[in-house]
Amino acid sequence: MTFNRILVATLLGMALVTGAPHVNAAGQPQTATDTQQSLVTATGTVFDSFGDPLIGATVREKGNPSNACATDLDGNYTFKVRPGAELEISFVGCETAVLKAGEGVETTLKEDSHVLDDVVVVGFGTQKKVNLTGAVGVATAKDIAARPVKNATEALQGLIPGLQLTRNAGDVETNMSINIRGVGTIGEGSSGEPLVLIDGMEGDINTVNPQDIETISVLKDAASSSIYGSRAAFGVIMITTKKGSEGKVVVNYSNSFRWASPIGMPSSMNSYDFAVYYNEAAANANWGVQFDDATLKNMIEFQENGGSNMGGLPTNGEVWGKPAGDPFTRAYANTDWYSELYRDNAFSQEHNASISGGNGNVNYFASIGYLDYNGMLRHGHDGQKRYNAAGKFSAKLASWVTFNYSARFVRTDLDRPSRFDNGLYDKIGRQTWPNLPVYDENGYYFNSNADTPAMSLALGGVRTVQRDQLYQQAGVVIEPIKNWVTHVEFNYSTDNSERRSTFLPYYNHKVDGSVDDTQGDSRLEQSLAKNNYMNWNIYTDYSWTMKENHNFKVMLGFQSEEMRQTKFNATGYGLQDEDLPELDLITGLRGNGSEQQPSVGGQRNQWSIMGFFGRVNYDYKGRYLVEGNLRYDGSSRFRSGRRWTWAPSFSLGWNIAQEEFWRDFTPYCNLLKLRASYGSLANQNTNVWYPTYRTMSIGQANGNWLINGKRPATT
């Protein structure tokens with residue numbers, strides 16, 4: 001059917017070309033001379049908004065895009081068009097003009113406000129992109145939307161120069177680390193990661209639904225980030241989420257189905273080659289022969305018979321791996337452990353839906369999202385499920401007062417084997433020799449004396465984490481007189497998480513299928529954590545222009561933050577039912593029958609910070625740019641005598657493309673700016689709660705301090 005349609009279209013096209021000739025007004029066939037005589041000459045001059053001739057502007061006949069020309073050095077154009085034709089005149093950075101063709105027509109192109117007035121979110125406000133003097137990188141919703149990634153961090157990879165994202169592990173729980181312009185840690189517990197603000201409130205970038213993001217600004221240098229003081233020693237990432245706008249109700253739905261595969265996966269030697277190489281190395285080290293001739297012969301025969309990851313174990317008729325030596329040097333299976341432990345591919349899916357609208361006085365936006373992301377483990381399961389819900393509401397209470405409220409809820413469920421930790425990668429390289437099987441000849445998992453990982457991943461227990469994060473923001477924007485705007489914002493968030501890990505014993509089986517050992521311990525580790533964060537932002541700014549060319553903007557503000565954390569943990573031994581891991585259902589016995597009392601622990605931590613800040617901006621015709629920032633911070637992490645510090649910064653910019661002498665180069669480069677900046681910031685970001693205070697460890701695992709003659713029952 002497709003072929004027939006193409007054939008018909010081709011025949012119709014031929015008929016149009018070879019059909020009856022066009023005729024002129026006299027009814028005679030129209031010749032090339034007649035066609036040329038029917039055209040008219042269009043001439044004119046194109047100017048920019050400064051009244052200067054515009055060189056290289058494109059002048060095109062509307063409806064006939066192939067008929068076009070460019071303005072010369074004096075901004076003039078001349079070319080033939082059809083009588084009564086309209087012209088489209090365009091130039092980079094200007095709005096396209098449409099006018100009727102004529103002779104000597106003068107046209108002035110207006111600056112495109114969407115290009116020249118493009119604004120960038122900066123600390124406590126926005127600025128025109130062309131007027132920035134600090135180092136700021138920007139990514140938009142268009143840049144992010146098409147990327148099939150599980151979180152916003154991965155969506156940023158490769159988008160913004162100077163933003164470095166690295167992954168240190170491949171499990172689903174570990175997120176990418178972020179740094180701006182290189183690692184620069186300072187002091188104990190300092191991560192060197194930037195401050196992340198979501199709609200002006202500190203938050204976790206990995207919990208933001210990428211489909212809800214409108215723009216991302218990255219403040220890279222001290223000049224642009226000093227407005228946040230000691231919280232921004234390593235830069236700032238500012239995320240602005242989508243909001244409702246005036247117009248019809250808009251409903252969006254999107255989904256993504258993904259298959260991930262490991263890349264750069266190594267492969268194991270076959271067992272015979274491995275054994276030969278190992279014997280040579282052992283001989284050079286005077287260790288003697290490790291794999292005897294009988295074992296080497298078994299390896300060859302096993303591989304010739306198609307053996308792979310099951311069997312290949314010597315036995316004394318009762319226990320696998322016996323009688324002579326350990327299974328490392330007597331087993332003769334042929335296992336590629338890398339492909340054995342990791343899947344060839346893993347399926348994941350994501351669904352997002354949103355609705356937005358408004359009437360000018362009331363605007364709204366709401367979205368929901370679901371992510372089901374699976375890891376690559378073949379034995380045991382690792383995965384992540386994320387549920388997102390967000391809403392934004394804006395109401396104009398008066399012509400000069402606007403109320404804003406937004407809420408965002410994120411639930412993340414993680415699961416993985418309890419034995420899946422950083423030690424797994426050591427085990428793959430050191431303890432998973434290719435001659436060791438995954439299963440014995442009866443199909444039960446087999447574990448060597450040194451704990452090969454397949455059995456421990458599959459049978460050693462499960463670790464689950466559920467995390468609920470709720471962010472709420474309320475604020476008013478007051479503009480009593482034009483260009484004087486005051487913001488009052490209150491932000492509050494809770495972050496609750498529960499971690500539950502079961503550690504189960506796992507055993508080899510005997511030749512008859514019975515369990516080889518039953519003395520292993522089972523235990524439950526459970527912890528709860530709650531973070532409460534509260535933040536006030538109050539700032540006001542005023543902008544004005546003097547003598548049409550001198551533009552000023554002044555801002556003053558106050559910010560306070562407080563974080564309170566509560567933690568609880570407990571460990572109990574002897575699970576009565578592996579499917580019901582609860583502290584109420586433990587026996588308090590180890591696998592050998594000895595008693596083991598549960599252990600408990602708990603703690604509370606807090607920090608707070610307060611800051612006063614200000615900023616001054618000046619520009620002359622958008623050519624010469626000056627910005628100064630100053631912040632005065634006080635942090636509870638430091639003792640009273642050294643608690644307060646200043647964070648000043650200063651930056652200059654020269655927009656060369658706005659100079660008169662650059663007009664001739666504008667068609668080739670319409671934005672060229674030189675910048676210079678200086679800034680100084682303190683640092684209070686650390687995972688150590690009280691870095692400048694002396695602390696005393698009193699727990700059983702940390703010391704032997706007694707309180708009222710008794711040792712505390714903490715771990």
Side-chain angles (χ1 to χ4, degrees), residues 115 118-123 129-130 132 134-185 191-199 203-225 232-242 254-265 345-350 352 369 371 373-376 384 386 388 410 412 669 671-673 675:
V115 175
D118 189 17
V119 296
V120 175
V121 176
V122 294
K129 191 172 184 179
V130 295
L132 286 175
V136 181
V138 180
T140 65
K142 184 179 179 181
D143 300 324
I144 296 171
R147 296 191 165 200
V149 293
K150 71 173 182 177
N151 57 44
T153 307
E154 295 179 359
L156 282 175
Q157 197 162 26
L159 281 182
I160 298 176
L163 183 64
Q164 300 176 0
L165 307 171
T166 56
R167 182 180 296 282
N168 299 319
D171 59 288
V172 297
E173 189 173 353
T174 302
N175 294 310
M176 303 184 78
S177 61
I178 308 173
N179 69 74
I180 297 174
R181 292 183 169 179
V183 178
T185 57
S191 67
E193 293 201 351
L195 172 67
V196 176
L197 300 175
I198 304 168
D199 290 330
D204 183 355
I205 187 173
N206 297 295
T207 64
V208 182
N209 186 346
Q211 302 300 319
D212 288 348
I213 295 176
E214 184 68 37
T215 62
I216 297 180
S217 296
V218 178
L219 312 185
K220 304 177 186 179
D221 63 350
S224 57
S225 60
F234 304 105
V236 184
I237 296 178
M238 307 185 68
I239 299 174
T240 303
T241 60
K242 295 175 181 177
S254 64
N255 58 47
S256 174
F257 302 96
R258 316 162 191 168
W259 284 265
S261 300
I263 59 174
M265 183 69 70
N345 55 73
F347 172 73
S348 301
Q349 59 180 317
E350 183 179 8
N352 294 286
L371 171 70
Y373 186 86
N374 291 299
M376 303 301 301
Q384 178 188 102
R386 188 184 67 213
N388 295 78
V410 184
T412 306
C669 178
L671 180 60
L672 177 63
K673 183 166 54 178
R675 297 185 294 103

Is any side-chain heavy atom of Asp199 closer than 4.5 Å to one of Thr240? yes
Begin from the C-alpha positions of Met176 and Ile205 and carry the test side-chain contact (heavy atoms from CB on, under 4.5 Å) through to its verdict. CA-CA 11 Å; Met176 303 184 78; Ile205 187 173; over 6 Å; no
For the student: nearest non-hydrogen atoms of Pro210 and Ala152, plus distance: CG-N, 3.8 Å
State the CD-OH distance between Glu350 and Tyr373, to the nearest 0.5 angstrom. 11.5 Å
Show the numbers, then the answer: is there a side-chain contact (heavy atoms from CB on, under 4.5 Å) between Val410 and Asp204? CA-CA 10 Å; Val410 184; Asp204 183 355; over 6 Å; no
Measure the CG-CG distance between Leu159 and Leu165 for me, rounded to the nearest 0.5 Å. 9.0 Å
Here the pair of heavy atoms bringing Ser177 nearest to Thr166 is OG-OG1, 2.6 Å
Closest non-hydrogen contact found for Arg675 with Ala135 is NH1-N, 3.5 Å
Side-chain H-bond candidate by donor/acceptor type, Asp212 with Thr241, under 3.5 Å: no
Between Asn388 (side chain) and Thr207 (backbone), is there a donor-acceptor pair under 3.5 Å? yes
Quick check: do Leu156 and Ile178 have side-chain heavy atoms less than 4.5 Å from each other? no
State, with a plain yes or no, whether a side-chain heavy atom of Leu371 is found less than 4.5 Å away from one of Gln384. yes
Less than 4.5 Å apart, side chain to side chain, heavy atoms only: is that true for Pro194 and Val236? no
Interatomic distance, CD1@Ile239 vs CD1@Ile144, rounded to 0.5 Å, equals 8.0 Å
Main-chain N/O of Asn374 paired to Ser348 side chain as donor or acceptor, under 3.5 Å: yes
Measure the shortest side-chain to side-chain distance between Asn206 and Thr412 over non-hydrogen atoms and say whether it is less than 4.5 angstrom. no
In terms of the angle between their ring planes, are Phe257 and Phe347 parallel, tilted or perpendicular, with boundaries placed at 30° and 60°? parallel
Between the CD1 atom in Ile160 and the OG atom in Ser217, the distance rounded to the nearest 0.5 Å is 7.5 Å
Spacing of Ser225 atom OG and Lys220 atom NZ [to the nearest 0.5 Å]: 12.5 Å
Pairwise side-chain contact, Thr153 with Asn175, heavy-atom cut-off 4.5 Å (strictly under): no
How about Val120 and Met238: do any of their side-chain heavy atoms sit closer than 4.5 Å? no
With rounding to the nearest 0.5 angstrom, report the CD to CG distance, Gln164 to Asn179. 4.5 Å
Of all heavy-atom pairs linking Asn352 and Gln211, the shortest is ND2-CG, 3.4 Å
For residues 152-164, the salt bridge (charged side-chain N to carboxylate O under 4.0 Å, His left out) pairs (sequence neighbours left out) are Glu154-Arg167
